[in-house]
Trainee: 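After the structure tokens below, expect a handful of questions from me.
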Amino acid sequence: MRKEFQKSQSNKQLIHLLLSICVLFAGLFLVTISGVSEQAPDYSLKYEASERTEKCFAAIREARLARGLPISKETDVNETGLIGSDYSFITTTLGDLPAKRTTTNPNMAAIIVDMMDQLSLTAGDRIAVNCSGSFPALNTAVLCAADTLGLDPIVISSFGASSHGANDPDFTWLDMEHELYSRGLIGHKSSYFSIGGNLDIGTEMPDEIVQSITKRIEGYGYPLIYDEDLKHNILSRYALYNSGKPVKCFINVGGNDASFGDSIVMVHAAGGILTELSEHDNSTGLVQLFLADDIPVIHLLNIKSIAADYQMPFDPVPLPDVGEGSVYYETRYSKPLICVFLLISIVLLSRLYFAKNKTLQ
């Protein structure tokens, strides 16, 4: 009789357990479908940053055409004027064309604002920015995001660029930036510039091309950083970044040698916010130096991972309008419904627990 009683109780417990699981799954389903998409709290800032970026992109395209420089419809399928050629005299490394085209989406600025908000950056905060010519669209988006949030960036840029970046010797990233600053479309420009490329001194570039570009950029009023010792170059930059008020964040755009030093890890790191050093990375690039000082880094190089994290279309044709994308919205769920099913879950699991104990007695 006792065995039959225990078997009956076990069956009841099993039915109770299955019923509890069904109720819990039903609750999860109902809570999920109750989700409502709403504008993110910083929607207006994200929209403004992207709108600024779109205006800058249009100005760069206009300036390119005014210089008589063609736009390749084959590679620059959206005809942005922000996509360079396969190769030029200032091309440094191979670049990923779809990734470059992805960054010409002006809503990248909203993603950068989102990262800045995650780090609680507020108006007046000093940020250090290191840009290469590889991602002119991203460089622009960073400057527009910083302007929108009222941040205080100190920027150092190099003009060398990977393939399909700003690699036209007659229209480098610094030419683009100077154009935007002269038109009043951005509130800050680079405080210093370097050549970029191998060892940040362009050893792979023809001397006459380097000298011509350097002379033109110095004519805009940009001071040149040139140091044949890369480690000393990095430490000098680090000192420049930290010469004023405390830096709250370091933003790296592209793969300038000064950013990573001799690291073989950082080039493959996922894009986005970094807060700690890799245990396998002991080099002394700017990224590592800032992380070692517990200063967060926004790493903008692996575009595919960033696009995936923010559900942004990769290599879109045509480009999305400003304000399009999940970065502008948050899903909110019914709190009363969550509380009801949490309470039901507690009751069901409690009954199951006490019933089991009673059987054991």
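For the single chain, residues carry numbers from 1 onward in sequence order.
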Trainee: With a 4.0 Å cut-off, would you call Asp170 and Arg64 a salt bridge?
Mentor: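 No, no charged N to carboxylate O under 4.0 Å.
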Trainee: So if you build clusters from Ile, Leu, Val, Met, Phe, Trp, Tyr with side-chain heavy-atom gaps below 4.5 Å, do Tyr226 and Leu174 land together?
Mentor: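 Tyr226 and Leu174: one cluster.
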Trainee: Side-chain contact test, heavy atoms from C-beta onward, threshold under 4.5 Å: evaluate it for Leu289 versus Ile234 and give yes or no.
Mentor: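 Sidechains of Ile234 and Leu289: in contact.
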Trainee: For a quick check under 3.5 Å, do Ser162 and Lys100 share a side-chain donor-acceptor pair by atom type?
Mentor: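 Short answer, yes.
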Trainee: Can you see whether Ser132 engages Asn256 through a side-chain donor-acceptor pair at a distance of less than 3.5 angstrom?
Mentor: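 No donor-acceptor contact under 3.5 Å links the two side chains.
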Trainee: Go through Asp114 and Gln118 one step at a time and tell me if the side-chain hydrogen bond (donor to acceptor under 3.5 Å, both in side chains) criterion holds.
Mentor: CA-CA 6 Å; Asp114 188 81; Gln118 287 185 54; 2.9 Å; yes
Trainee: Mind checking the CD1-CG spacing from Ile295 to Leu286? Nearest 0.5 Å is all I need.
Mentor: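 Those atoms lie 11.0 Å apart.
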Trainee: In Å and rounded to the nearest 0.5 Å, what is the CD1 to OG1 distance from Ile60 to Thr104?
Mentor: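 Answer for the CD1-OG1 pair, Ile60 versus Thr104, is 11.0 Å.
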Trainee: Between Ile90 and Ile209, is any pair of side-chain heavy atoms under 4.5 Å apart?
Mentor: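 SC-SC contact between Ile90 and Ile209 confirmed.
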Trainee: Using the side-chain contact (heavy atoms from CB on, under 4.5 Å) rule, take Ser85 and Asp168 through it: C-alpha gap first, then chi angles, then the decisive distance, then the call.
Mentor: CA-CA 7 Å; Ser85 60; Asp168 190 320; over 6 Å; no
Trainee: Side chains of Ser50 and Thr53 only: does a donor on one sit below 3.5 Å from an acceptor on the other?
Mentor: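 There is no such pair (donor and acceptor under 3.5 Å, judged by atom type) between the side chains of Ser50 and Thr53.
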Trainee: State plainly whether one hydrophobic cluster holds both Leu65 and Leu69, where clusters connect Ile, Leu, Val, Met, Phe, Trp and Tyr through side-chain heavy atoms under 4.5 angstrom apart.
Mentor: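 The answer is no; the residues belong to distinct hydrophobic clusters.
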Trainee: Does Tyr47 form a side-chain contact (heavy atoms from CB on, under 4.5 Å) with Val322? I'd like the steps, not just the answer.
Mentor: CA-CA 7 Å; Tyr47 192 95; Val322 168; 3.7 Å; yes
Trainee: Would you tell me whether Arg237 and Asn130 have side-chain atoms, one donor and one acceptor, within less than 3.5 Å of each other?
Mentor: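 Indeed, the side chains of Arg237 and Asn130 share at least one donor-acceptor pair under 3.5 Å.
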Trainee: Distance only, no hydrogens: is a donor on one side chain within 3.5 Å (strictly under) of an acceptor on the other, for Tyr220 and Glu179?
Mentor: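 On atom types as modelled, these side chains do not qualify, holding no pair under 3.5 Å.
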Trainee: For a quick test of reading the model, state the closest non-hydrogen atom pair linking Phe159 to Ile217 and the distance between them.
Mentor: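 Scanning both residues completely, I find the closest heavy atoms to be CD2-CD1, 3.8 Å.
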Trainee: If you draw a 6.0 Å radius around CZ in Phe89, do more than 12 non-hydrogen atoms from other residues or ligands fall strictly inside?
Mentor: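 It does not: Phe89 CZ has 12 such atoms or fewer within range.
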Trainee: Quick one: does Asn242's side chain have a donor or acceptor within less than 3.5 Å of a partner on Ala239's backbone?
Mentor: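 No, because the side chain of Asn242 does not come within donor-acceptor range (under 3.5 Å) of the backbone of Ala239.
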Trainee: Under a 4.0 Å threshold between the charged nitrogen and the carboxylate oxygen, would Lys304 count as salt-bridged to Asp96?
Mentor: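 Here Asp96 does not pair with Lys304 in a salt bridge, since their nearest N and O are not under 4.0 Å apart.
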Trainee: Going hydrophobic residue to hydrophobic residue with side-chain gaps under 4.5 angstrom, can you get from Val77 over to Met108?
Mentor: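 Result: no, two separate clusters.
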Trainee: Looking only at non-hydrogen atoms, find the nearest pair between Gly197 and Glu204 and report the distance.
Mentor: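 Reported closest heavy-atom pair: CA-OE2, 3.4 Å.
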Trainee: Just how far is it from atom CD of Glu208 to atom OG of Ser212, taken to the nearest 0.5 Å?
Mentor: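 Between Glu208 CD and Ser212 OG, I get 9.5 Å after rounding to 0.5 Å.
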Trainee: Evaluate the side-chain contact (heavy atoms from CB on, under 4.5 Å) criterion for residues Cys249 and Leu121: first the C-alpha distance (whole Å), next the side-chain angles of each, then the deciding distance (0.1 Å), finally the verdict.
Mentor: CA-CA 8 Å; Cys249 171; Leu121 298 178; 4.0 Å; yes
Trainee: Ion pair present between Lys55 and Glu51, side-chain N to carboxylate O less than 4.0 angstrom?
Mentor: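 Glu51 and Lys55: not salt-bridged.
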Trainee: Decide if atom NZ of Lys189 counts as having more than 12 heavy atoms of other residues, nucleotides or ligands within a radius under 6.0 Å.
Mentor: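 Counting neighbours around NZ of Lys189, more than 12 heavy atoms of other residues, nucleotides or ligands fall under 6.0 Å, so yes.
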Trainee: Can you see whether Asn252 engages Ser259 through a side-chain donor-acceptor pair at a distance of less than 3.5 angstrom?
Mentor: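 A pair is found: one side chain offers a donor N or O, the other an acceptor, under 3.5 Å apart.
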Trainee: Hydrophobic clustering (ILVMFWY, side-chain heavy atoms < 4.5 Å, transitive) - are Trp173 and Ile83 grouped together?
Mentor: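 Ile83 and Trp173: separate clusters.
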Trainee: Please examine the side chains of Ser182 and Leu180, heavy atoms only from C-beta on, and report whether any two atoms are closer than 4.5 Å.
Mentor: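 Of all side-chain heavy-atom pairs linking Ser182 with Leu180, none is under 4.5 Å.
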Trainee: Just by modelled atom types, is the Leu45 backbone N or O under 3.5 Å from a matching donor or acceptor in the Asp42 side chain?
Mentor: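 The answer is no, because no donor-acceptor pair under 3.5 Å joins these two groups.
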Trainee: Kindly give the heavy-atom pair with the smallest separation between Leu240 and Ile154, and that separation in Å.
Mentor: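 Leu240 and Ile154 have their closest heavy atoms at O-CD1, 3.7 Å.
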Trainee: Centres of the Tyr87 and His164 rings: under 6.0 Å?
Mentor: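 Centroid distance Tyr87-His164: not below 6.0 Å, so no.
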Trainee: Rounded to the nearest 0.5 Å, how far apart are CZ of Arg67 and CZ of Phe171?
Mentor: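 Between atom CZ of Arg67 and atom CZ of Phe171 there are 4.5 Å.
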Trainee: Going hydrophobic residue to hydrophobic residue with side-chain gaps under 4.5 angstrom, can you get from Ile127 over to Leu149?
Mentor: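 Shared cluster, yes.
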Trainee: What closest approach, in Å, do Met176 and Pro136 show between heavy atoms, and which atom pair accounts for it?
Mentor: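 So the two residues come closest at SD-CB, 3.7 Å.
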Trainee: If you round to the nearest 0.5 Å, how far is OG1 of Thr214 from CG of Asp207?
Mentor: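 If we round to the nearest 0.5 Å, Asp207:CG and Thr214:OG1 are 10.0 Å apart.
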Trainee: Indicate yes or no: at least one non-hydrogen side-chain atom of Phe57 is less than 4.5 angstrom from one of Leu82.
Mentor: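 Phe57 reaches Leu82 side chain to side chain.
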Trainee: At what distance, to the nearest 0.5 angstrom, does CD of Glu324 lie from CG of Leu319?
Mentor: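 Rounded to the nearest 0.5 Å, the CD-CG separation comes out at 10.0 Å.
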Trainee: Would you find a donor on one side and an acceptor on the other, under 3.5 Å apart, between the side chain of Gln288 and the backbone of Phe260?
Mentor: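 Side chain of Gln288 to backbone of Phe260, a donor-acceptor pair under 3.5 Å: yes, one is there.
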Trainee: Would you say the side chain of Leu143 lies within less than 4.5 Å of the side chain of Val155, judging by non-hydrogen atoms?
Mentor: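 Yes. Closest side-chain heavy atoms under 4.5 Å.
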Trainee: Regarding Ser88 and Thr91, is there a side-chain donor-to-acceptor distance under 3.5 Å anywhere?
Mentor: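 Checked: Ser88/Thr91 side chains pair up, N/O donor to acceptor below 3.5 Å.
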Trainee: Evaluate the criterion side-chain contact (heavy atoms from CB on, under 4.5 Å) for residue pair Thr80 and Arg61; output intermediate values, then yes/no.
Mentor: CA-CA 6 Å; Thr80 64; Arg61 183 180 189 278; 5.9 Å; no
Trainee: Please walk me through it: do Asp200 and Ser194 pass side-chain hydrogen bond (donor to acceptor under 3.5 Å, both in side chains)?
Mentor: CA-CA 7 Å; Asp200 196 40; Ser194 67; 2.8 Å; yes
Trainee: Could you go through Phe250 and His299, starting from their C-alpha distance and side-chain angles, then the distance that decides it, and tell me whether this counts as ring pair (Phe, Tyr, Trp, His ring centres under 6.0 Å)?
Mentor: CA-CA 8 Å; Phe250 175 63; His299 179 45; 9.4 Å; no
Trainee: Are any of the side-chain nitrogens in Asp175 or Arg216 under 4.0 Å away from the carboxylate oxygens of its partner?
Mentor: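 A salt bridge links Asp175 with Arg216.
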Trainee: Is any side-chain heavy atom of Leu185 closer than 4.5 Å to one of Arg52?
Mentor: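 No, side chains not in contact.
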Trainee: Looking only at side chains, do Ser72 and Asp76 share a donor and an acceptor under 3.5 Å apart?
Mentor: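 Distance-only check fails for Ser72 and Asp76.
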Trainee: Within the distance-only criterion (no hydrogens, no angle test), does the side chain of Arg101 pair as donor or acceptor with the backbone N or O of Asp315 below 3.5 angstrom?
Mentor: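 Here the side-chain-to-backbone pair does not exist.
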Trainee: Quiz question: by atom type and distance under 3.5 Å, do the side chains of Tyr328 and Asn107 form a donor-acceptor pair?
Mentor: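 Result is yes, a qualifying pair exists.
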Trainee: Could you check Asn139, Ile186, Thr140 and say which one makes a side-chain contact (heavy atoms from CB on, under 4.5 Å) with Glu177?
Mentor: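 Answer after filtering Asn139, Ile186, Thr140: Ile186.
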Trainee: Quick check: are there more than 12 heavy atoms from other residues, nucleotides or ligands sitting under 6.0 Å from NZ of Lys245?
Mentor: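 For Lys245, atom NZ is crowded (more than 12 foreign heavy atoms under 6.0 Å).
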Trainee: Can you see which heavy atom on Val253 is nearest to which on Leu138, and at what distance?
Mentor: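 Scanning both residues completely, I find the closest heavy atoms to be CG1-CB, 3.7 Å.
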Trainee: Of the non-hydrogen atoms in Met115 and Ile298, which two are nearest, and what is the gap between them?
Mentor: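 Nearest pair, atom of Met115 first, then Ile298: SD-CG2, 3.5 Å.
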Trainee: Are Ile306 and Thr102 close enough that some pair of their side-chain heavy atoms sits under 4.5 Å apart?
Mentor: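 No - every pair of side-chain heavy atoms lies 4.5 Å or more apart.
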Trainee: Would you indicate whether the side-chain heavy atoms of Phe193 and Ile225 approach each other to under 4.5 Å?
Mentor: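 No, their side chains stay 4.5 Å or more apart.
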